Q: 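Take a look at the following structure, please.
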Amino acid sequence: METILNIMTCTFEIIIFGSFFRGLMNRRYSSPIYNIAIYAGTIISIYSINSFGNTKLNLVANILIYFAVYCLLFEKDLKERVFYFIVFFTTFAGVEIIFEFILSLIIGEGYQWERQTQLSKFIIICLEKLTVFLTLFVIKKKLNKEKYGIKNEIIIYSFILPIATFGIYSALLYSGWMLEISRLGEGFLLVGCILLFLANVIIFFLYDYIFRLNYEYQTLEMISLKTDFEKKYYDRMEKVNLEQSNYMHDLKSLLKTIGNLAIHDKNEEIRSVIQDMEIRIGELEEDFFCRNKVLNTILCEKKREAIDNKIKFNAYVEPGIRLDFIQDIDIIIIMGNIIDNAIEASQKIECGHIDINIFETQKGHFLMIRVENKFNGVVTKQGDVFCSTKEEPNKHGIGLKNAANCIKKYGGILQIDVEQNIFTVSIIFTVL
């Protein structure tokens, strides 16, 4: 029984180890035989070290063994590798120490590991390892926000099974009848405890799989949106190039006409021809705000929409600003929704005006985005949340909320100021 207990403890630790790093790093080799062999060798090594019963030896050996396995299974640059390993091991050891301390407080002076039955020891280990597993799962989600952009409500629902498991384990641990159970019943109970622990692990593996599918879906959606924007960009540039080519073809005859009119001193006719040339040149002009194609396309599209609605539109993007840390789909969500809200508000007043400024401050350490527009002075709020004035009741404030979620994803700050008839949205990102 003692041997089974030690082997299962080592197995649980390896499962926790693999599940944590699998979501953060790429595997060095895809061969399942290679990975299984490494894990099996790790279990044997840890079991052999633990059999000596030396606490200091266990601590040092476990650190060295896990780090070696970590390097053999996963690839990452040294800085990130050390950081993730420190997070893993300090969390693993810290949670176990805190768990033992709380358990001793609850049970009191009567709690001694040597006096516990084998089944009680196993249940305590299950409780301890499950706590470590859940803690590392949440930390992994926080460390890898891009791939785990799932609502927190889903995470809360996923903890129903672990909470139930904690209840069952605790009831078994403190129930007096467990001391009188037969050896056969003890065997069935042991298998049940193992299966219950593995059920928790499998459920969270499934959640991990769902998170990755969601990330892949968002990535494909981003590629689709980016492709659409780039197609619009290149289609527009192709149209402008064609019009410029036609205009250059006609320019020779236009200049010849101006020359003939000048010879005959017909200034009014010359002025008319030049004015027509200016109009055509103006039609050929293509707005260029920045080198980021997605942001440039958004600003071009929104400017055209604003002009169509007789709204004055100004946009300035500081040359050379860094936007590479923001995913294209998030640029679309943030800028698209905020500018759409500004256009919607400006449509309701005469002489609507939108002013956009994107620049860096503090020697490039902060990226500032400021969108300012005139509006009718009517503001709708639900608590601290600003709502749109659209007629559809189910769409109130959704655009601004989606933008806020994307800004929060990058650790940015969203600030909304209302002063008389001016509505200002300010966004601040820290640029490392």
Side-chain angles (χ1 to χ4, degrees), residues 2-96 122 125-126 128-141 143-144 147-148 191 193-213 215-216:
E2 186 73 29
T3 302
I4 296 175
L5 183 66
N6 291 334
I7 292 174
M8 292 307 304
T9 301
C10 296
T11 304
F12 289 165
E13 290 179 359
I14 289 298
I15 291 173
I16 294 169
F17 172 86
S19 67
F20 177 75
F21 289 112
R22 189 181 65 169
L24 293 173
M25 315 178 85
N26 297 324
R27 288 189 181 274
R28 187 175 293 276
Y29 302 106
S30 58
S31 171
I33 298 175
Y34 174 84
N35 294 319
I36 292 172
I38 294 293
Y39 283 132
T42 306
I43 292 173
I44 294 171
S45 300
I46 294 175
Y47 174 77
S48 301
I49 296 296
N50 291 343
S51 63
F52 289 102
N54 189 317
T55 305
K56 293 181 180 180
L57 176 63
N58 287 352
L59 178 62
V60 174
N62 282 347
I63 293 175
L64 295 176
I65 290 172
Y66 275 120
F67 189 76
V69 173
Y70 178 42
C71 296
L72 289 171
L73 290 177
F74 304 99
E75 54 183 3
K76 204 81 169 179
D77 61 70
L78 183 61
K79 185 177 179 180
E80 287 185 290
R81 188 179 298 173
V82 172
F83 170 74
Y84 285 135
F85 185 78
I86 291 173
V87 170
F88 168 78
F89 212 87
T90 52
T91 303
F92 196 105
V95 171
E96 287 193 348
F122 185 77
I125 289 171
C126 286
E128 185 178 279
K129 301 308 177 187
L130 185 58
T131 304
V132 173
F133 177 80
L134 297 176
T135 304
L136 287 171
F137 180 85
V138 174
I139 290 175
K140 179 174 69 173
K141 179 179 180 294
L143 288 174
N144 206 357
K147 291 187 178 181
Y148 292 88
V191 173
C193 289
I194 294 172
L195 293 177
L196 187 56
F197 179 87
L198 293 178
N200 281 269
V201 174
I202 291 170
I203 286 295
F204 278 87
F205 277 166
L206 290 175
Y207 274 108
D208 187 69
Y209 178 68
I210 292 171
F211 294 152
R212 285 188 285 110
L213 285 181
Y215 172 74
E216 291 173 3

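Owing to the predicted nature of the structure, the values given are computational and were not obtained by experimental measurement.
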Q: To the closest 0.5 Å, what do you measure between CD (E13) and CD1 (I46)?
A: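 If we round to the nearest 0.5 Å, E13:CD and I46:CD1 are 5.5 Å apart.
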
Q: Do F137 and S19 touch side chain to side chain, with heavy atoms closer than 4.5 Å?
A: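 Side chain of F137 against side chain of S19, heavy atoms only: no contact under 4.5 Å found.
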
Q: For I38, enumerate each residue passing the side chain to side chain contact (heavy atoms under 4.5 Å, CB included) test, keeping only those at least two apart in sequence or located in another chain.
A: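 Applying side chain to side chain contact (heavy atoms under 4.5 Å, CB included) to I38 gives Y34, T42, V69, L72, L73.
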
Q: Suppose the criterion is salt bridge (charged side-chain N to carboxylate O under 4.0 Å, His left out): which pairs have a residue in residues 28-55, not counting sequence neighbours?
A: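 For residues 28-55: none.
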
Q: Might you point out which heavy atoms bring N58 and I49 nearest each other, and give the distance in Å?
A: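 What the structure gives for the nearest pair is OD1-O, 3.1 Å.
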
Q: Can you measure from CD1 (I16) to OG1 (T135) and round to the nearest 0.5 angstrom?
A: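 Nearest 0.5 Å value for the CD1-OG1 distance: 9.5 Å.
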
Q: Side chains of T91 and I139: does their closest heavy-atom pair fall under 4.5 Å?
A: yes

Q: Using a strict 4.0 Å threshold on nitrogen-to-oxygen distance, state whether E75 and R81 make a salt bridge.
A: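 Salt bridge: no.
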
Q: Distance check, rounded to the nearest 0.5 Å: F133 atom CZ versus C126 atom SG?
A: 13.0 Å

Q: When rounded to the nearest 0.5 angstrom, what distance separates CD1 in I15 from CG in L198?
A: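 These two atoms lie 5.5 Å from each other.
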
Q: Kindly indicate whether the side chain of K129, heavy atoms from C-beta on, has any atom under 4.5 Å from the side chain of E96.
A: yes

Q: When you compare the side chain of M8 with that of I125, does any pair of heavy atoms fall below 4.5 Å?
A: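 Side-chain contact under 4.5 Å: no.
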
Q: To the nearest 0.5 Å, what is the distance between OG1 (T11) and OH (Y47)?
A: 11.5 Å

Q: How far does CD1 of I202 sit from CZ of F197, to the nearest 0.5 angstrom?
A: 11.0 Å

Q: I would like to know whether I194 and F122 meet side-chain contact (heavy atoms from CB on, under 4.5 Å); could you show each step before the answer?
A: CA-CA 9 Å; I194 294 172; F122 185 77; 3.2 Å; yes

Q: Apply side-chain contact (heavy atoms from CB on, under 4.5 Å) to residues N6 and N50 and explain how you reach the verdict.
A: CA-CA 8 Å; N6 291 334; N50 291 343; 5.8 Å; no

Q: Please name all residues satisfying ring pair (Phe, Tyr, Trp, His ring centres under 6.0 Å) with F89, sequence neighbours left out, ordered by chain then number.
A: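 Residues passing ring pair (Phe, Tyr, Trp, His ring centres under 6.0 Å) with F89: F85.
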
Q: Is it true that Y70 and Y66 have ring centroids separated by less than 6.0 Å?
A: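 No.
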
Q: Specify the closest pair of heavy atoms between K140 and F20, including all atoms of both residues, with the distance to one decimal.
A: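 That closest heavy-atom pairing would be CD-O, 3.1 Å.
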
Q: Determine, using ring centers only, whether F21 and Y84 are less than 6.0 Å apart.
A: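 No, the ring centres sit 6.0 Å or more apart.
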
